[in-house]
Number of protein chains: 2
Amino acid sequence: MERAGIRDVAAAAGVSITTVSDALNGKGRLPDETRSKVREVAERLGYRPSAAARTLRTGRSGLIGLTVTTYGQEPFTFTEFAYFAEMARAATSAALTRGYALVVLPATSRHDVWGNVALDGTVVIDPPDHDPMVAELYRQGLPVVSDGRPGNCPVTAWVDNDHASAVLEILDHLAAAGARRIGLLTGTSTDTYTRLSTDAYLGWCHRVGQEPLYEEYPAHDPCAGAVAADRLLARPDRPDAVYGLFDPNGTDLLAAARRYGLRVPEDLLLVCCSESDVYATTEPPITTLSLKPQRIGTTVVNLLIDAIEGIGPVPGTDTPEGQLMPTELIVRRSSQRRPPRTTVSAPREPGEE
Amino acid sequence: MERAGIRDVAAAAGVSITTVSDALNGKGRLPDETRSKVREVAERLGYRPSAAARTLRTGRSGLIGLTVTTYGQEPFTFTEFAYFAEMARAATSAALTRGYALVVLPATSRHDVWGNVALDGTVVIDPPDHDPMVAELYRQGLPVVSDGRPGNCPVTAWVDNDHASAVLEILDHLAAAGARRIGLLTGTSTDTYTRLSTDAYLGWCHRVGQEPLYEEYPAHDPCAGAVAADRLLARPDRPDAVYGLFDPNGTDLLAAARRYGLRVPEDLLLVCCSESDVYATTEPPITTLSLKPQRIGTTVVNLLIDAIEGIGPVPGTDTPEGQLMPTELIVRRSSQRRPPRTTVSAPREPGEE
DNA sequence: GTTTGTTGAAGATACGTTTCTCCATGAGCA
DNA sequence: TGCTCATGGAGAAACGTATCTTCAACAAAC
């Protein structure tokens, strides 16, 4: 019992291969009668067109690559930060909506798999300067859209948050809440996010005349984060407010504060960049900056598909279209000196029964 | 500047197409001299074999589908639970290691995308009873491996945790810590995980003579979880220990306990099933059951690839090979009446400077 | 001197579509 | 009767690879 091909359908319906193809794809000039007849026969035979053959013929696979930066030898720590997971999910969803599927691939160009899968285009997350892989993809004529400003490689388009503005907003927010010495928990890596955020912090410090107080650690190592948080609060010139650039920083800082007997927010104001909603229920709830990865993932994929399908900016225009997306500061108790009256009341009072 | 095909390489190297193919794939009988010559020319022309053509010819795409159950209209809430994210990551990684790529697809069989991508096999997460999609895949002759016991559909193999044993272990653990009335926070859905776990709980209650105390809610709705947690602790016959089946239950229960003035673990013992490490740093840290999604993802993919490549059990053997994977109970303070002396000391004492 | 075997490589076919080109047929019109 | 036009559909050429078969050349063995 072989899989039915288009030939079998044609034979069974008593028409030509062309007619079957046209009928099924809604092309050509055919009377409705023939169309439905062919469709019925195809259905009866359980005919499924071969994706491989169609791809070979049309040059379109309907597949989009999603490249994830790898830390160390582990291919993907992209679950480490909720940002990646959320972004990937939104990207997958957006792709499916437009009839494409997403393939997650490692950022190391020399993996066998890259040659074995036919891609229509690729989404690259935070490519480093002069990324050889992006260059190679571009040379092959494949559209490439990056999440994060491309270091110095030719991409079709890019999307990013306005990290500098976001940091400034947070620092102002903390200062308004009474912070005098704001510290920063940052990373040692040289990706765009870390660099832009740190630079914005340093610039702000310079402008308001505060001495920078920061600790950096390799962001991919969760243990190092806890140690760095501890180091920051153990300094002789201990900050009275801290912004942590990475997702787990909130809990790490909270734990460190607890160890040192610091009350949040009375003794220490806390903000961290995170997509996780656990910070809504910590004690106290922690103010977070959301980068809105869903929006970014969706936008990136749609830009890419536009490029694939020839919609959007003219290819001749060599200046890649960049797009800045807004962030969202979710203010909770950890960054407010006067905690607002809690508005969420328990469904029932314990003694009410 | 067209993309170079195998023909161009053959012409440039002065050999036939066959020779190029053989040289590049390490087949045929060719002297090393010819081999390296051809390889060099191919490299110079930037030749990349067409994945589509190869797939059409060989019938192998090197692509594996990963099907995720969808709640409501949103295609993927699989980031909701860290389990799915971790599992998907491990699966992706395992696939890449063996030269395959992973495509995430929705579990609704009638999505266009299913027909447009050539799959060598599929991993299905927790398929419901009589899943039509699995049946269809199986009919097409594609290997299908499921994460979770297959309800009643033909799969090549499956992998699952021993949920019943895990629940019993937890209940015994709680009872040993002094719990007299153990409650359960469970789901309304009928998937295998929920069913097996709840049944195990009910069976245990029956055996030890405790009246079941449980609340159920639609697991895909995070708000409902908080409400259900509250409901459970507001009961007149309030439990003195609770096991929550889903990832966010820990924080929800903790918040609810706080509202009712219940101290953990003194007044309430807490355990939940989660892969998230935030529970290591909550106050108090919460005991969790890890399903080890990494191990499951890896195993599932390897079983699938074995089936694709003809390794493993004979296809004639109709009884699908099932495999039970161990879980891991990570005991923390929330489930111990006598909190152990904390062994993790701060790097420096605050006053030490 | 014929057979046998081995090495190196070319020819040709098939994989299953899509699509371009072209051909009947019959109707409308002068 | 001829001509144009629209309609419905068939033929055949790709798409780029892998592989089965064939073949020449030459050496070794009988």
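Chain letters run A, B, ... following the sequence lines, proteins first, then strands; residues in each count from 1.
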OP1 or OP2 of [N] versus the side-chain N and O atoms of [X]: is any pair under 4.0 Å?
X: Ser16(B); N: dA10(C); result: yes
X: Thr19(A); N: dA10(D); result: yes
X: Lys27(B); N: dA18(D); result: no

The side chain of [X] lies closest to which of these nucleotides: [options]?
X: Pro31(A); options: dT19(C), dG9(D), dT17(D); value: dG9(D)
X: Tyr47(B); options: dG16(C), dT17(D), dT19(D); value: dT17(D)
X: Arg7(B); options: dA10(C), dA14(D), dT17(D); value: dT17(D)
X: Leu56(B); options: dT17(D), dT19(C), dC15(C); value: dC15(C)

In whole angstrom, what separates [X]'s [atom1] from [N]'s [atom2]?
X: Glu33(A); N: dT7(D); atom1: CD; atom2: P; answer: 16 Å
X: Lys37(A); N: dG9(D); atom1: NZ; atom2: C1'; answer: 14 Å
X: Leu24(A); N: dG16(C); atom1: CG; atom2: P; answer: 16 Å
X: Asp22(A); N: dG11(D); atom1: CG; atom2: P; answer: 14 Å
X: Arg35(A); N: dG9(D); atom1: CZ; atom2: C1'; answer: 12 Å
X: Arg57(B); N: dT17(C); atom1: CZ; atom2: C1'; answer: 16 Å
X: Ile17(B); N: dG11(C); atom1: CD1; atom2: P; answer: 9 Å
X: Arg3(A); N: dC15(C); atom1: CZ; atom2: C1'; answer: 12 Å

Would you call [X] and [Y] a side-chain contact if the rule is heavy atoms closer than 4.5 Å?
X: Tyr100(A); Y: Leu63(A); answer: no
X: Asp147(A); Y: Val124(A); answer: no
X: Arg98(B); Y: Asp306(B); answer: yes

Return the minimal non-hydrogen interatomic distance between [X] and [Y], and the atom names on each side.
X: Pro293(A); Y: Glu86(A); answer: CG-CB, 3.5 Å
X: Ile308(A); Y: Arg60(A); answer: O-NH2, 3.1 Å
X: Asp120(B); Y: Gly62(B); answer: OD2-N, 2.7 Å

Describe the nucleic acid contact of [X] in one word from base, sugar-phosphate, nothing, applying a heavy-atom distance below 4.0 Å.
X: Leu30(A); result: sugar-phosphate
X: Ser21(B); result: base
X: Thr34(B); result: sugar-phosphate
X: Asn25(A); result: sugar-phosphate

Restricting to salt bridge (charged side-chain N to carboxylate O under 4.0 Å, His left out), what partner residues turn up for Arg149(B), sequence neighbours left out? Asp160(B)

Enter the inter-axis angle for the ends of the helix from dG1(C)-dC30(D) to dA30(C)-dT1(D) (five pairs per end, rounded to 10°). 60°

To the nearest 0.5 Å, what is the distance between CG (Asp126(A)) and CH2 (Trp158(A))? 11.5 Å

Check the side chains of Tyr138(A) and Asp131(A) for a donor-acceptor pair under 3.5 angstrom, ignoring hydrogens and angles. no

With no hydrogens and no angle check, just 3.5 Å: does a side-chain donor-acceptor pair link Ser16(B) and Thr19(B)? yes

Quick one: which protein N/O atoms are closer than 3.5 Å to N/O atoms of nucleotides 21-28 of chain C? Pair and distance per line, please.
none

